[in-house]
Amino acid sequence: MLSNSSEKNAHLALIRHSTAHIMAAAVVKLFPGTKVAIGPSIENGFYYDFLFPQQISSEDLPAIEKEMRKIASSCVPFERREISREEALGLFKDEPFKTELINDLPEDAVISVYKSGDFVDLCRGPHVENSKEINVQSFKLMKVAGAYWRGDEKRDMLTRIYGTAWEKPEELKDYLKMLEEAERRDHRKLGREMDLFHIDDENPGQIFWHPDGWTIYRLIMDYVREKIRKDGYKEVRTPSVMPRTLWERSGHWAKYRNYMFITESEKRLFALKPMNCPGHIEIFKQGLKSYRDLPLRIAEFGSCTRNEPSGSLHGIMRVRGFVQDDAHIFCTEEQIPSEVAKFCALLKDIYSDFGFSPDSIIVKFSTRPELRVGDDAIWDRAEAALADACKQAGLEYEISPGEGAFYGPKLEFTLVDALGRQWQCGTIQVDYQLPSKERLNAEYIGEDNAKHNPVMLHRAVLGSLERFLGILIENYAGALPPWLCPKQVMVIPVAPAFDKYASEIAAKLDDAGFRAYADIDNDRMNAKIRKHQGQRIPYLLIVGEKEMETNSVAVRFRGGEQKVMKLEEFSEYLSGKIRTKSVSI
């Protein structure tokens, strides 16, 4: 199955890359004088960047699509040719972006071009053999956006045209339907409707949590805190601001300097922490550690800050200020398999409580990258230990060759949501480098009474709590499981005469530990019902004279069902839903 899936993805990438070339051919024909930049395939589609002689908009996309279909239906072959640097510079002498790319290539680089009809492009490929492999009813141009050349805001602002392409028209139709549903579930839209949070335009990437949003946030944090406490983690807290010298020794100053917020005090440079690992090593180093202390599991809900480009920010999914359910396990090399297996069991348990079954988890095993530290013998041991741990945990995984961290291999855990979208969340990474003598020099006394550096396992289950909450909102279209709802019960009287009874019911449920409220405002009952349905409250209890006389409630379930229940019966019912972390109402 994985093989077939990989083959399909590879063929789709060819189709999308080739469709991007067809789009470029259509653009230069319709808009003479356009300068062509780059056009790769991406997840679910492709894009191409252009410098147009005049401004274009989304209104121009239908005309471009029409020309693309005309080109594709003419069965144009994609012909590859290798050429010299001189020939390439002559061929693209009127294309400044191509010329720059050619000049930046190493002296011994192979330079290839692809010709499709009258259009010639500098490209490594590969492509489909002929445009007849592209179904003219299976692609669509999606939007027009701006993009700086090479991502540099000091360079030309280009026009980027995004498109999507598929093998079959029905796949395109399904994708467009999914996008429509994704728009309905957009966490930014639902966040406003449900009054969960807002982000100020003057403070990009920083979240203002409203009462209901912060309630959900705390529920997630408290849940994870209790889970890791039972799993043997010790929770700590490290400073948000730490000195440049620490970041230099850890290696982060060289790697992450551009993503760090820097401040100065008393002629010394400090940085707001973008990650928690150096701080956890500093805690490990306090006091003498023995092999008997290992494994030592240090956890932190670490507040991190990263100077992400404003153009990459996206609601609460991609922010500048966030909290990670971060932890680091200090262990011996022999303990790696058991600790990774233990973590995987914890991760699956937590994901299950949030409604993600084992079938909705994709595990990727990322092996040694080309640019790495440490010798191959260490990498062999680390990768073997990870593979053994996966076997112990009963995990099936896909190999991601060369995608490991520069200091060690890792497992990545990707969640598949209700729309089939994939979200990379959890991770565990094997690190011999950060605790080494050459870096931060964490040590323990071994059985041989000598000093040794521990292995450090970086791990997170949810990743960014902000991002994970955004994933939950979109996965459930705002209708969160009862145990996560900020308001679990809203009691609504049919008339003001029953306000007192409604308040008494809400108070009893509140005393029982439920998040229950009574709406005794002046609005009419139907208006209150509509309002609280919009807030996705799972249980609306309607009370009037009959309910008051029988100590009962008329329950309106979020799914539409209605049922009259004794208050004790409803309380027991809701208690069971919360205790079992049920995703159903």
Side-chain angles (χ1 to χ4, degrees), residues 106 108 245-257 274-285 289-291 293-298 326-344 363-393 395 397-413 424 426-460:
D108 58 349
T245 50
L246 176 65
W247 299 113
E248 286 179 330
R249 283 186 287 125
S250 72
H252 289 99
W253 189 265
K255 187 172 180 60
Y256 288 103
R257 168 66 181 83
M275 62 276 298
N276 305 295
C277 30
H280 290 187
I281 291 183
E282 292 301 292
I283 289 177
F284 180 89
K285 289 164 62 177
K289 298 292 188 300
S290 161
Y291 70 93
D293 298 315
L294 305 183
L296 179 61
R297 308 178 188 98
I298 295 178
D326 205 3
H328 295 88
I329 302 168
F330 297 88
C331 63
T332 67
E333 187 171 317
E334 294 73 24
Q335 291 169 334
I336 293 174
S338 60
E339 284 303 303
V340 172
K342 182 178 175 64
F343 166 73
C344 290
V363 185
K364 297 181 180 180
F365 190 128
S366 299
T367 60
R368 66 194 75 184
E370 184 176 347
L371 298 176
R372 59 184 182 271
V373 293
D375 60 40
D376 284 342
I378 289 178
W379 277 89
D380 289 342
R381 295 200 305 268
E383 289 176 354
L386 261 186
D388 187 26
C390 289
K391 185 177 180 180
Q392 289 188 31
L395 286 181
Y397 54 82
E398 302 175 9
I399 294 290
S400 294
E403 294 298 318
F406 71 92
Y407 48 76
K410 62 181 177 177
L411 298 179
E412 291 184 342
F413 300 85
Q424 195 274 310
T427 183
I428 186 162
Q429 306 168 355
V430 181
D431 183 3
Y432 285 80
Q433 305 305 321
L434 207 57
S436 69
K437 292 179 181 178
E438 293 74 23
R439 294 293 183 183
L440 297 183
N441 195 26
E443 295 179 329
Y444 69 93
I445 304 300
E447 287 187 79
D448 57 0
N449 289 321
K451 292 182 177 180
H452 301 271
N453 298 116
V455 178
M456 185 178 186
L457 305 180
H458 307 244
R459 113 295 175 273

## Note on the structure
Between Pro454 and Pro435, the two heavy atoms sitting closest are O-CG, 3.3 Å
### Among Gln429, Arg372, Arg439, Gln433, side-chain hydrogen bond (donor to acceptor under 3.5 Å, both in side chains) partner for Tyr407
Gln429
### Query
At what distance, to the nearest 0.5 angstrom, does CD of Glu383 lie from CD1 of Ile399?
8.0 Å
### Query
Is there a donor-acceptor pair closer than 3.5 Å between any side-chain N or O of Lys289 and the backbone N or O of Leu294?
no
### Message
Would you say that more than 12 heavy atoms from the other residues, nucleotides or ligands in this model lie under 6.0 Å from the NZ of Lys451, or not?
### Response
no
### Message
Quick check for you: to the nearest 0.5 Å, what is the distance between Lys410 atom NZ and Leu386 atom CG?
### Response
11.5 Å
### Query
Is the Phe330 ring parallel, tilted or perpendicular to the Phe284 ring (thresholds 30°, 60°)?
parallel
### Query
Which atom names give the shortest non-hydrogen contact between Ala382 and Val430, and what distance separates them?
CB-CG1, 4.1 Å
### Message
Can you tell me how far apart OG (Ser366) and OH (Tyr397) are? Round to the nearest 0.5 Å.
### Response
11.5 Å
### Validation row: Trp247, Met275 side chains within 4.5 angstrom (heavy atoms)
yes
### Query
What do the steps show when you test Glu443 against Asn453 for side-chain contact (heavy atoms from CB on, under 4.5 Å), and what is the final call?
CA-CA 5 Å; Glu443 295 179 329; Asn453 298 116; 3.9 Å; yes
### Side-chain heavy-atom pair Leu411, Thr427 within 4.5 angstrom cut-off
no
#### Entry: Smallest separation among heavy atoms of Lys437 and Asn441, with atom names
CG-OD1, 3.4 Å
### Task
Please examine the side chains of Val455 and Glu339, heavy atoms only from C-beta on, and report whether any two atoms are closer than 4.5 Å.
no
### Query
If you look at every heavy atom in Ala393 and Ala341, which pair is closest and at what distance?
CB-CA, 4.1 Å
### Task
Nearest 0.5 Å please: distance from the CD1 atom of Ile281 over to the CG atom of Leu434.
3.5 Å
### Query
With side chains defined as the heavy atoms from C-beta onward, is the minimum distance between Ile329 and Val340 less than 4.5 Å?
no
### Heavy-atom side-chain contact between Leu395 and Phe365 under 4.5 Å
no
### Summary
Test side-chain contact (heavy atoms from CB on, under 4.5 Å), reference Arg297, set His328, Lys342, Arg459, output is Lys342
### Query
Is the closest basic N to carboxylate O distance between Arg368 and Asp380 below 4.0 Å?
yes
### Query
How about Cys277 and Met456: do any of their side-chain heavy atoms sit closer than 4.5 Å?
yes
## Note on the structure
Here the pair of heavy atoms bringing Pro401 nearest to Thr367 is CA-OG1, 3.3 Å
### Task
Kindly compute the distance separating CD (Gln424) from NZ (Lys364), expressed to the nearest 0.5 Å.
8.5 Å
### Task
Kindly give the heavy-atom pair with the smallest separation between Pro295 and Gln335, and that separation in Å.
CD-NE2, 3.4 Å
### Message
To the nearest 0.5 Å, what is the distance between CH2 on Trp253 and CG on Leu246?
### Response
11.0 Å
